[in-house]
Amino acid sequence: MSAPSIPKGTRDFTPVEMARRNYIFDTIRSVFMLYGYQPIETPAMENLSTLMGKYGEEGDKLLFKVLNSGDFLAGTDEKSLLARDSNKLLKHVSEKGLRYDLTVPFARFVVQHRNDIVFPFKRYQIQPVWRADRPQKGRYREFYQCDVDVVGSNSLIYEAEMARIAEDIFQRLGISVIIKLNNRKILAGIAEVIGEAGRITDITVAIDKLEKIGLAAVNDELRQKGLSDEAVTNLQPILKLQGSNQQKLEKLTAILEHSETGLKGIEEMKTVFSYLDALKLTAEVQLDLTLARGLNYYTGAIIEIKARDIQMGSISGGGRYDDLTGIFGMPGVSGVGISFGADRIYDVMHELSLFPESTTQTTRVMVANFGGEAELAGLSFLYRLQKAQISSEMYPEPAKMKKQFTYADQKKIPFIVIIGSEELSTGQYQVKNMVTGEQQKYSPAEIVAKLLGLNI
RNA sequence: GUGAUCGUAGCUCAGUCGGUUAGAGCGUCAGAUUGUGGAUCUGAAGGUCGCGGGUUCGAGCCCCGUCUUUCACCCCA
């Protein structure tokens, strides 16, 4: 039999890793709750009809599809079978898929539960998502997203709240970040004024690469996508836009003076900046026009967060979506949210050594096992410790002391209680502090009291 | 999806031009120490060289396929 394995891009997590992951999850969760968000969960699988077409063409390809159970070929027609036409075959053999993000399932959830929800609805959701991507640095096929969203309000206060939450979380985790902001309306306005209103996606995807491949290559790509030379020329001042956020907004106001949408986007951006000011944001916030984000449901603000001092994709991203619920038959409900990539945050913290040493929580007390009557007394005392809410365990057999102590040492258990024949006769148990090496005798009641008081 | 790349003991890695029985450090286990961990010393166990096929008298090493890892593109948390 060959060694067992797990699918490409998936991972096991050891107790040490889980302690660190939980540290991240706990931090994120407590901030979400602090800002008044409530948890929900949705199934790992959604109907394919819920997922398809929400993430762009590329997203559809990256969806994991689940084969129908039973005789999955029953509903297929011979023509597409013989033609090996996977696309046509798909809808007959698969009707479910693994969730690709948490935002679309959330929109579905809101529509389905609209009568039970108080709007504006503030929810958080921490669950894994799956993408059939090729794994690479910071990219997995199964990873956790931690989403906060609020639906049922157009208030730009929530845009600012997303940034506020992000800063709060990353401050607590000790990660220094840059918050990048943009607005789809500004992007739409740009497309409008250069005379290519229908090409927002191509334009944004191309200018998103500005930093990576440079101005010339972006222009080449734009022409290749079919933009006129004139449009590309008109785009240049926008691509070359520099200065402070305010200066950029002023220049943009002039450039977009004939685009109503564009001006609205600028107005929104200014309002968000004023809110951020009031919320005392201290992280660097950049107006970044190259920030586009491929997910095609965003309509207003776009937010993305990158860690400083490290080469890693964005560790958090989100934005405003005006009509995601409309796709599911509930129009006119606007939402805004942000997603934190727990696995990338882990990788950043690991590489920058930001985890506190004490994330691993283990047993606090081990009761040594001497067998016979001593074993029974040990068990009784063990239960007494556990009733007092002290995390404790007993060594399972009367092995050599060396072995029992080595076990406690390796598990970093800070205390050992020794109950042997001598202790049984005096009623005074030995307590060894594994950090200092000190050892003293106490009555059982004293031990419990001491451990509760020590709080180590 | 396209193009590269990696895989040898639990971990990190050596392994010459294709040549006998594949090595080291760390870790593990046992003992030195029969009621006391970390340090030291002694010893031991541990391998289908990712998997499958091929070339060869002979393959860890060469060739093909496959899986996995890492990386770039695409896209993204």
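A quick note: this is a predicted structure, and the numbers were derived from the prediction, not measured. Every chain is numbered from 1 and lettered A, B, ... according to where its sequence line falls, protein lines coming before strand lines.
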Check your understanding: Would A:R320 and A:S334 count as having a side-chain donor-acceptor pair, cut-off 3.5 Å?
Key -> yes

Study note, to complete from the structure: Of the listed B:rA77, B:rC75, B:rA30, the closest approach to the A:K400 side chain comes from B:rA30

Exercise for review: Mind telling me whether A:Y100 and A:Y55 have parallel, tilted or perpendicular rings, with 30° and 60° as the class edges?
Suggested key: tilted

Revision key, fill the gap. Taking B:rU69, B:rC75, B:rG35 as options, the one with an atom nearest any side-chain atom of A:P135 is B:rU69

Point to revise | B:rC29: pairing nucleotide in any strand, Watson-Crick or G-U under 3.5 angstrom | key: B:rG43

Exercise for review: Would you classify A:Q404 as touching base, sugar-phosphate or nothing, given that sugar-phosphate means primed atoms plus P, OP1 and OP2, and contacts are heavy atoms under 4.0 Å?
Suggested key: nothing

Review point. B:rC71 P sits how many Å from A:K8 NZ, rounded?
Key: 14 Å

Check your understanding: How is A:G371 classified with respect to the nucleic acid when contacts are heavy atoms under 4.0 Å: base, sugar-phosphate, or nothing?
Key -> nothing

Review point. CG of A:L291 versus P of B:rC76: gap in Å, rounded?
Key: 11 Å

Exercise for review: Under a 3.5 Å limit for both distances, which nucleotide forms a Watson-Crick or G-U wobble pair with B:rG35, could you say?
Suggested key: none

Exercise for review: Identify whether any heavy atom of A:G138 sits under 4.0 Å from a base atom; if not, whether one sits that close to sugar-phosphate; answer base, sugar-phosphate or nothing.
Suggested key: base

Revision key, fill the gap. To the nearest angstrom, the CD1-P distance between A:I305 and B:rC76 comes to 17 Å

Check your understanding: Can a donor-acceptor pair under 3.5 Å be found between the side-chain atoms of A:E423 and the base atoms of B:rG35?
Key -> yes

Review point. Just checking A:I345: base, sugar-phosphate only, or nothing, at a heavy-atom cut-off of under 4.0 Å?
Key: nothing

Revision key, fill the gap. Looking only at B:rG35, B:rA77, B:rU36, the nucleotide nearest the A:Q439 side chain is B:rU36

**Study point:** Separation of atom OH in A:Y407 from atom C1' in B:rU36, rounded to whole Å
**Key:** 17 Å

Check your understanding: Going by distance alone, is a donor N or O of one side chain under 3.5 Å from an acceptor N or O of the other, for A:Q125 and A:D149?
Key -> no

**Study point:** A:Y35 versus A:D168, side-chain donor and acceptor atoms under 3.5 Å
**Key:** yes

Review point. Which value, in whole Å, describes the distance between the C1' atoms of nucleotides B:rU55 and B:rG10?
Key: 35 Å

Revision key, fill the gap. Among the nucleotides B:rG35, B:rG37, B:rC71, whichever has the atom closest to the side chain of A:F370 is B:rG35

Practice item. For A:Y144 and B:rC76, give me the distance from atom OH to atom C1', rounded to whole Å. Key: 20 Å

Review point. Is there a donor and acceptor pair closer than 3.5 Å between the side chain of A:K432 and the base of B:rG37?
Key: yes

Review point. If the P atom of B:rU16 is compared with that of B:rC62, how far apart are they to the nearest Å?
Key: 10 Å

Review point. Among B:rC71, B:rG35, B:rU28, which nucleotide sits nearest the side chain of A:R134?
Key: B:rC71

Study note, to complete from the structure: Atom CE of A:M312 and atom C1' of B:rA72 are separated, to the nearest Å, by 16 Å

Practice item. Rounded to the nearest angstrom, tell me the gap between atom CD in A:E304 and atom P in B:rC75. Key: 13 Å

Exercise for review: Assign A:K137 to base, sugar-phosphate, or nothing according to its heavy-atom contacts below 4.0 angstrom with the strands shown.
Suggested key: sugar-phosphate

Review point. What class does the angle between the rings of A:Y346 and A:F355 fall in, given that below 30° is parallel, 30 to 60° is tilted and above 60° is perpendicular?
Key: tilted

**Study point:** Per-pair stack call A:F143 and B:rA77, 5.5 Å, 30°
**Key:** yes

Practice item. Please figure out whether A:Q410 or A:I6 has its closest RNA chain B nucleotide nearer the 5' end. Key: A:Q410

Check your understanding: Could one point to a donor on the side chain of A:R344 or the base of B:rC76 with an acceptor on the other under 3.5 Å away?
Key -> yes

Exercise for review: Go through B:rC76, B:rC75, B:rG35 for me and flag the one nearest to the A:M401 side chain.
Suggested key: B:rG35

**Study point:** Interatomic distance where CD belongs to A:Q136 and P belongs to B:rC75 [whole Å]
**Key:** 13 Å

Revision key, fill the gap. Regarding the side chain of A:K403, the nearest nucleotide among B:rC75, B:rA30, B:rA72 is B:rA30

Exercise for review: Would you mind classifying the nucleic acid contact of A:V348 as base, sugar-phosphate or nothing, using non-hydrogen atoms under 4.0 angstrom?
Suggested key: nothing

Practice item. Could you tell me which nucleotide pairs with B:rA24 by Watson-Crick or G-U wobble geometry, both distances under 3.5 Å, or answer none if nothing does? Key: B:rU12

Check your understanding: Mind checking whether A:Y429 and A:F381 have parallel, tilted or perpendicular rings, split at 30° and 60°?
Key -> perpendicular

Review point. Closest nucleotide of RNA chain B for A:E438 versus for A:F340: which of these residues is on the 5' side?
Key: A:E438

Exercise for review: Both distances under 3.5 Å, Watson-Crick or G-U wobble: report the partner of B:rC6, or none.
Suggested key: none

Exercise for review: Step through the shown structure and confirm whether more than 12 heavy atoms of other residues, nucleotides or ligands are within 6.0 Å of CD on A:Q38.
Suggested key: no

Exercise for review: Using only heavy-atom distances, decide whether a donor-acceptor pair under 3.5 angstrom links the side-chain of A:R139 to the base of B:rC75.
Suggested key: yes

